[in-house]
Q: 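Attaching a single structure in structure tokens format; questions to follow.
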Amino acid sequence: MATLYGRVSSGNIVQQVSRIRCCHGSTSVTRNSSRSLHQSNKKISNLIRNGRLREARAMFDSMRHRDTVTWNSMISGYVHRREIAQARKLFDQMPQRDIVSWNLIVSGYFSCRGSRFVDEGRELFDLMPQRDCVSWNTVISGYAKNGRMDQALKLFNAMPERNVVSSNAVITGFLLNGDVDAAVDFFKAMPERDSASFSALVAGLVRNGKLDIAAGILRECEIEDEGMDLVHACNTLMAGYGQRGQVEEARRLFDEIPDNRVVGDEDKRRFRRNVVSWNSMMMCYVKVGDIVSARELFDGMVEHDTCSWNTMISGYVQISNMDEASKLFREMPSPDVLSWNLIISGFTQNGNLNLAKDFFERMPYKNLISWNTMIAGYEKNENYKGAIGLFSQMQLEGERPDKHTLSSVISVCTGLVDLYLGKQIHQLVIKSVLPDSPIDNSLITMYSRCGAIADACNVFNEIKLYKDVITWNAMIGGYASHGFAAEALEIFKLMKRLKIHPTYITFISILSACAHAGLVEEGRAQFKSMINDYGIEPRVEHVASLVDILGRQGELQEAMDLINTMPFKPDKAVWGALLGACRMHNNVELAIVAAEALIKLEPESSAPYVLLYNMYANLGQWDDAENVRVLMEEKNIKKQTGYSWVDS
DNA sequence: GTAGGGTTAG
């Protein structure tokens with residue numbers, strides 16, 4: 001049965017909207033209960049602010065009296081979490097909607113990505129019984145953020161009363177679309193600016209890489225807009241310099257902002273450095289690894305906020321100075337989740353899983369990043385069992401894995417060569433994550449490492465989003481390692497046709513494919529093409545394959561010359577390839593050279609001895625063969641499994 | 001309880 005005010009979700013929406021009244025709370029409650037209602041509302045909004053939406057909802061459900069503010073608070077909680085369906089449900093259920101309720105639900109739709117939601121939000125805006133400035137600005141900024149500048153501008157021009165907020169949203173919109181000139185022109189023509197206008201402009205310019213334009217405007221306006229608080233804008237520009245490693249530029253700007261530690265107002269400009277200025281400058285130093293300068297700033301600050309401590313800690317974590325990092329962690333007054341996460345990731349980077357786990361278990365509150373850090377830590381340190389254990393524990397505790405979690409767990413499957421588990425995780429990926437190239441890439445690697453080249457191929461073919469170099473490398477590498485040289489070369493051709501630039505890793509796979517398939521001329525040609533067409537410097541891995549290729553063809557001298565002339569030290573793969581070729585072509589002379597080199601690199605390995613022994617035996621030189629065996633015994637080298645004295 | 005801008009992170 002329809003209530004007095006109707007339900008917006010069903011029936012003729014326009015008729016129902018006309019019945020909706022705007023009220024401000026209930027008037028029929030006593031003074032006492034209205035006071036407690038006010039208290040409850042406050043509690044709910046506090047819970048929501050602290051991200052405890054579930055508890056807020058439980059409280060909401062248990063309340064006997066609710067007013068419009070109660071409903072609105074709850075809706076805002078869902079809007080914040082982008083749970084638009086839940087928000088809409090409440091909106092439809094609430095007995096009385098005021099203009100805030102409408103603004104909330106419209107903003108909810110616009111902050112969900114996707115044109116379906118944007119259009120729905122607009123539809124609701126058109127249905128609103130009345131609109132205020134906030135309503136208009138919500139929609140303008142909503143359109144701007146979703147790349148629909150034409151509609152944003154249409155509304156901007158149509159709105160009855162503009163304010164600075166509307167204009168600031170337009171600036172942000174232009175810059176999100178990369179329209180730098182339009183943004184600057186619009187900004188200069190604005191009848192009124194506030195500090196947020198500057199922040200929006202500078203932030204957008206920095207995002208578009210126009211740091212010089214931003215610096216110029218700040219300089220110009222310092223005079224023009226005297227008294228304006230430009231510290232936010234300066235901080236943003238500083239951070240922009242830092243992101244690009246331009247520490248000197250950042251420092252110059254930092255030094256230009258009047259020092260907040262100086263007492264007495266010598267400077268005419270009102271704004272001063274704030275904590276964020278110090279933090280940003282510190283971050284610049286941390287980014288380039290200048291920990292000494294960062295620490296100097298840290299010690300010179302008048303007040304530290306949590307971010308200052310965390311930035312400093314992350315600096316020490318970056319240079320693996322865990323003593324100093326944990327010292328700061330102990331000293332800081334109130335570590336937050338990020339501080340804990342930083343310490344944990346620091347310990348895992350240093351291979352200290354026990355300490356990391358220790359901290360992880362002592363955390364007062366974990367978030368998704370905590371779990372991801374710990375799982376990735378286990379994976380990187382090849383403690384696969386630990387990683388899997390945590391993965392199931394996190395799900396038991398109700399934390400939903402995201403793409404970072406799944407990517408770590410896929411790597412675990414790769415490390416364990418566990419196809420069964422890998423397929424399960426793949427199902428989970430399909431269910432829970434949007435298309436993502438890094439995930440697809442690691443799936444390809446996982447499948448091919450597990451020997452399931454057909455599955456790898458399926459993932460590769462079904463990629464809808466975008467195949468990057470890593471995708472191609474993974475697939476080519478998969479084919480190469482399974483001996484499918486023709487397929488590897490085929491998709492390599494396709495990749496080049498699509499103008500994807502190969503990397504040195506691509507050529508490692510290509511050359512090894514050629515070597516294993518005995519494609520001598522192809523291999524030579526690819527090696528040359530790598531250098532001449534793609535300007536990629538050969539590495540030792542490439543040379544190893546080329547030696548292999550040449551050796552198989554019997555060009556042992558050419559292979560030896562290549563080894564002698566290459567600009568880096570040959571490794572065991574290079575000598576191993578040569579030795580194998582010598583064995584194939586019965587060249588004892590070079591075999592001795594290769595074997596000796598291998599023995600020098602790996603004195604405890606039996607493989608070179610065994611190969612030499614077999615060669616002599618094959619040639620009937622039993623005395624020499626016996627010498628090798630005796631030598632092995634003298635050096636106490638045990639034959640490893642997998643090698644046979646009796647060659648086929 | 002609703003609209004625009006800034007620093008930290010796996």
Side-chain angles (χ1 to χ4, degrees), chain A residues 24-25 41-42 44-45 48-49 67-77 79-80 98-108 110-111 132-142 144-145 163-173 175 193-204 206 229-240 242-243 274-284 286-287 305-315 317 336-342 344-345 348-349 367-377 380 402-405 407-408:
Chain A
H24 298 281
N41 286 346
K42 249 188 148 171
I44 286 194
S45 74
I48 286 169
R49 239 201 311 279
D67 63 3
T68 315
V69 176
T70 325
W71 286 90
N72 287 348
S73 302
M74 205 55 238
I75 291 176
S76 94
V79 165
H80 228 83
D98 65 5
I99 198 157
V100 176
S101 330
W102 281 93
N103 289 343
L104 270 165
I105 198 69
V106 170
S107 126
F110 273 94
S111 57
D132 62 4
C133 230
V134 177
S135 329
W136 285 90
N137 289 339
T138 303
V139 179
I140 291 173
S141 112
K145 283 187 177 155
N163 60 14
V164 205
V165 177
S166 343
S167 304
N168 293 348
V170 170
I171 293 183
T172 306
L175 289 164
R193 302 167 186 155
D194 64 3
S195 67
S197 324
F198 282 89
S199 304
L201 183 68
V202 171
V206 167
D229 185 4
L230 298 180
V231 73
H232 294 323
C234 289
N235 293 344
T236 310
L237 183 54
M238 255 166 52
Q243 224 101 61
N274 61 14
V275 204
V276 178
S277 325
W278 288 85
N279 291 347
S280 303
M281 193 60 233
M282 236 168 67
M283 192 57 219
C284 294
V286 164
K287 273 236 159 76
D305 64 1
T306 312
C307 183
S308 333
W309 289 93
N310 287 347
T311 306
M312 201 62 236
I313 290 175
S314 85
V317 165
D336 63 0
V337 205
L338 176 57
S339 330
W340 286 88
N341 290 346
L342 281 169
I344 291 169
S345 102
T348 63
Q349 274 167 44
N367 64 11
L368 181 57
I369 298 177
S370 324
W371 289 98
N372 287 350
T373 309
M374 203 56 225
I375 292 174
K380 289 273 175 328
D402 69 350
K403 60 177 182 177
H404 300 283
T405 331
S407 147
S408 292

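Hydrogens, waters and symmetry mates are skipped; everything else that's a heavy atom, side chains included, is used. Naming: A, B, ... by sequence-line order, numbering from 1 per chain.
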Q: Using whole Å, what does the distance between atom P of nucleotide dA9(B) and atom CD1 of I313(A) come to?
A: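 Rounded to the whole Å, the gap is 13 Å.
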Q: To the nearest Å, give me how far apart CG (D194(A)) and C1' (dG6(B)) are.
A: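 Whole-Å distance recorded here is 13 Å.
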Q: For K403(A) and dG10(B), give me the distance from atom NZ to atom P, rounded to whole Å.
A: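 It works out to 14 Å between those atoms.
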Q: Kindly say whether M282(A) contributes a backbone atom to a donor-acceptor pair with the side chain of N279(A) at under 3.5 angstrom?
A: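 Checking the backbone N and O of M282(A) against the side chain of N279(A), no donor-acceptor pair under 3.5 Å is found.
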Q: If you compare every side-chain N and O of K145(A) against the phosphate oxygens of dA3(B) (OP1, OP2), does one of them come in below 4.0 Å?
A: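 Negative; the distance criterion is not met.
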Q: What does D305(A) touch in the nucleic acid at a heavy-atom separation under 4.0 angstrom: a base, only the sugar-phosphate, or nothing?
A: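 If one applies the 4.0 Å heavy-atom cut-off, D305(A) turns out to touch nothing in the nucleic acid.
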Q: Any idea which of dA3(B), dG6(B), dT8(B) is nearest the M283(A) side chain?
A: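 Nearest listed nucleotide: dT8(B).
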Q: Look at the side chain of A169(A) and decide which nucleotide, out of dT8(B), dG4(B), dA3(B), has an atom nearest to it.
A: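 My answer, after comparing the listed nucleotides, is dG4(B).
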Q: Under 4.0 Å from OP1 or OP2 of dT2(B): is there any side-chain N or O of S107(A) that close?
A: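 For dT2(B), OP1/OP2 do not have a side-chain N/O of S107(A) under 4.0 Å.
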Q: Indicate whether any N or O donor in one side chain lies under 3.5 Å from an N or O acceptor in the other, for N103(A) and T138(A).
A: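 Side-chain D/A pair, N103(A) to T138(A): absent.
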Q: Looking only at side-chain atoms of V134(A), point me to the closest of dG6(B), dG10(B), dA3(B).
A: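 In terms of side-chain proximity for V134(A), the closest of dG6(B), dG10(B), dA3(B) is dA3(B).
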Q: Counting side-chain heavy atoms from CB outward, which of dG4(B), dG10(B), dT8(B) is closest to N310(A)?
A: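 From the listed options, dT8(B) comes nearest.
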Q: Scan A376(A) against the nucleic acid and name what it touches under 4.0 Å (heavy atoms): base, sugar-phosphate only, or nothing.
A: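 Touches nothing.
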Q: Using atom types as modelled and distance alone, determine if a side-chain donor or acceptor of N163(A) lies under 3.5 Å from a backbone N or O of S166(A).
A: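 Yes, because the side chain of N163(A) sits within donor-acceptor range (under 3.5 Å) of the backbone of S166(A).
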Q: If you only use heavy atoms from C-beta on, which nucleotide in dT2(B), dT7(B), dG10(B) is closest to the side chain of D402(A)?
A: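 So the nucleotide nearest the side chain must be dG10(B).
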Q: Looking for any heavy atom pair under 4.0 Å, which part of the strands does N274(A) touch: base, sugar-phosphate only, or nothing?
A: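 Since a base atom lies under 4.0 Å of N274(A), the category is base.
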Q: Does some side-chain heavy atom of C133(A) sit less than 4.5 Å from a side-chain heavy atom of V165(A)?
A: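 With C-beta onward as the side chain, the pair stays apart.
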Q: For V164(A), which residues count as a side-chain contact (heavy atoms from CB on, under 4.5 Å) partner, sequence neighbours excluded?
A: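 Partners of V164(A) by the side-chain contact (heavy atoms from CB on, under 4.5 Å) criterion, ordered by chain and then number, come out as N168(A), M190(A), E192(A), D194(A), S197(A).
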Q: For a quick check of understanding: with a heavy-atom distance under 4.0 Å over all strands, which category does S314(A) fall into, base, sugar-phosphate or nothing?
A: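 Result for S314(A) = nothing.
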Q: Please work out if S195(A) contacts a base, only the sugar-phosphate, or nothing of the nucleic acid, heavy-atom cut-off 4.0 Å.
A: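 Touches a base.
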Q: Describe the nucleic acid contact of R49(A) in one word from base, sugar-phosphate, nothing, applying a heavy-atom distance below 4.0 Å.
A: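 The answer is sugar-phosphate, as R49(A) gets under 4.0 Å only of primed atoms, P, OP1 or OP2.
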Q: So what does D229(A) hit on the nucleic acid, given a heavy-atom distance under 4.0 Å: a base, only sugar-phosphate, or nothing?
A: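 Result for D229(A) = nothing.
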Q: Which nucleotide in the list dG10(B), dT8(B), dG4(B) gets nearest to the side chain of V164(A)?
A: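 That would be dG4(B).
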Q: Using whole Å, what does the distance between atom P of nucleotide dT8(B) and atom CD1 of I369(A) come to?
A: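 The answer, rounded to whole Å, is 14 Å.
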Q: Provide, to the nearest angstrom, the distance between the CG atom belonging to N279(A) and the P atom belonging to dG6(B).
A: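 Going from CG in N279(A) over to P in dG6(B) covers 16 Å.
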Q: Using whole Å, what does the distance between atom P of nucleotide dG10(B) and atom CG of L342(A) come to?
A: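 Spelled out: CG on L342(A) to P on dG10(B) is 7 Å.
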Q: Apply salt bridge (charged side-chain N to carboxylate O under 4.0 Å, His left out) to K403(A) and list each qualifying residue two or more places apart in sequence or on a separate chain.
A: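 Listed in chain order: D436(A).
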Q: Quickly work out the I140(A) CD1 to dT2(B) C1' distance and round it to whole Å.
A: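 Rounded to the whole Å, the gap is 15 Å.
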Q: Test side-chain hydrogen bond (donor to acceptor under 3.5 Å, both in side chains) on S277(A) and N235(A); report intermediate values, then the result.
A: CA-CA 5 Å; S277(A) 325; N235(A) 293 344; 2.9 Å; yes
Q: Rounding to a whole Å, what distance do you find between Q243(A):CD and dA9(B):P?
A: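 Rounded to the whole Å, the gap is 8 Å.
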Q: Describe the nucleic acid contact of A196(A) in one word from base, sugar-phosphate, nothing, applying a heavy-atom distance below 4.0 Å.
A: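 Since a base atom lies under 4.0 Å of A196(A), the category is base.
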Q: Counting side-chain heavy atoms from C-beta on, which of dA3(B), dG10(B), dG6(B) comes nearest to N372(A)?
A: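 The answer is dG10(B), which lies nearest to the side chain.
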Q: With respect to the side chain of A203(A), which nucleotide from dA3(B), dA9(B), dG6(B) is positioned closest?
A: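 Minimum distance to the A203(A) side chain belongs to dG6(B).
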Q: Identify which nucleotide among dA3(B), dG10(B), dT2(B) has an atom closest to any side-chain atom of N103(A), counting heavy atoms from C-beta outward.
A: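 Selected nucleotide: dT2(B).
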Q: Identify which nucleotide among dA3(B), dG10(B), dG6(B) has an atom closest to any side-chain atom of T236(A), counting heavy atoms from C-beta outward.
A: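 Comparing dA3(B), dG10(B), dG6(B) against the side chain of T236(A), the answer is dG6(B).
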